[in-house]
Amino acid sequence: MLFVFIGKDKPNGLEQRLAVRPVHLEHLKSLGNKLVAAGALWDDNDQAEGSVMVLEADSLEAARTIFAADPFVQQGVFASWEVKRWNLAIDHMAGRG
C-alpha cells in the first residue's frame, strides 16, 4: 500500500530545515525502494514551506512509524504533519525531476 506524508514547516524555519537537511536526505536514502517519491513544498516566494513523501508500507501504523523516524520530524522542523493512505491513479513521473 502507498502512503503520503504531508508536513508543513514551522514559521521562519528555513534555517533549521537547511541545518537538518543532510541527515534527512541520508534517512530517505536508507529507506531504499520503500520510498517512492519525496520533495519540498514551495511557497509563493520560492522558499521551502514543507515536504511531501510517498512511501510503500504494509499498514498505516507502519507508515506513521517510518515517517516519525525522519529527522525533520524528530528535530521539530514541521509545525504539523499527517499521513494518509494514497492511491496512485495516474503516473507520469518517469523521466521528470
Side-chain angles (χ1 to χ4, degrees):
M1 290 182 278
L2 295 175
F3 297 89
V4 63
F5 171 99
I6 303 163
K8 297 293 285 194
D9 290 2
K10 290 181 178 177
N12 303 311
L14 182 59
E15 187 174 315
Q16 183 182 12
R17 169 182 270 275
L18 294 175
V20 177
R21 188 172 186 265
V23 180
H24 163 72
L25 293 177
E26 286 301 316
H27 172 75
L28 295 183
K29 288 177 190 175
S30 78
L31 297 176
N33 290 336
K34 288 182 185 180
L35 184 66
V36 176
L41 296 171
W42 296 90
D43 67 16
D44 294 339
N45 297 313
D46 290 330
Q47 296 293 317
E49 68 173 355
S51 296
V52 172
M53 296 178 269
V54 179
L55 177 78
E56 188 171 10
D58 293 331
S59 67
L60 179 59
E61 187 59 36
R64 284 184 178 142
T65 298
I66 293 167
F67 286 129
D70 187 289
F72 274 3
V73 172
Q74 299 236 326
Q75 295 189 36
V77 170
F78 299 121
S80 65
W81 60 277
E82 63 180 322
V83 179
K84 300 283 187 177
R85 187 164 175 211
W86 186 61
N87 182 48
L88 178 64
I90 298 172
D91 183 0
H92 293 282
M93 295 272 298
R96 295 179 188 232

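Here the structure is a predicted model, which is why all the values come from computation and not from measurement.
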Distance-only donor-acceptor pairs under 3.5 Å for side chains of residues 24-41, two or more places apart:
| residue | atom | partner | partner atom | Å |
| --- | --- | --- | --- | --- |
| His24 | ND1 | Asp70 | OD1 | 2.9 |
| His24 | ND1 | Asp70 | OD2 | 3.0 |
| Ser30 | OG | His27 | O | 2.6 |

Quick check against the 3.5 Å criterion: does Gln16 have a side-chain atom that pairs as donor or acceptor with the backbone of Gln75? yes
Can you measure from CD1 (Ile6) to OG (Ser80) and round to the nearest 0.5 angstrom? 9.5 Å
Where do Asn87 and Leu2 land on the side chain to side chain contact (heavy atoms under 4.5 Å, CB included) test, with the steps shown first? CA-CA 7 Å; Asn87 182 48; Leu2 295 175; over 6 Å; no
So, for Val23 and Pro71, which heavy atoms are closest and what is the spacing to 0.1 Å? CG1-CG, 3.6 Å
Are there over 12 heavy-atom neighbours, none belonging to Asp43, within less than 6.0 Å of that residue's CG? yes
CZ-CH2 distance between Phe72 and Trp81, expressed to the nearest 0.5 angstrom: 14.5 Å
To the nearest 0.5 angstrom, please state how far the CE atom of Met93 sits from the CD1 atom of Ile90. 13.5 Å
Given Phe78 and Phe5, is the ring pair (Phe, Tyr, Trp, His ring centres under 6.0 Å) satisfied, shown in steps? CA-CA 12 Å; Phe78 299 121; Phe5 171 99; 5.3 Å; yes
Would you say Val52 and Phe67 are hydrophobically clustered, going by side-chain heavy atoms of ILVMFWY under 4.5 Å? no
Using atom types as modelled, flag every donor-acceptor pair under 3.5 Å from a side chain in residues 53-66 to any protein atom, sequence neighbours excluded.
| residue | atom | partner | partner atom | Å |
| --- | --- | --- | --- | --- |
| Ser59 | OG | Ala62 | N | 3.0 |
| Thr65 | OG1 | Glu61 | O | 3.0 |

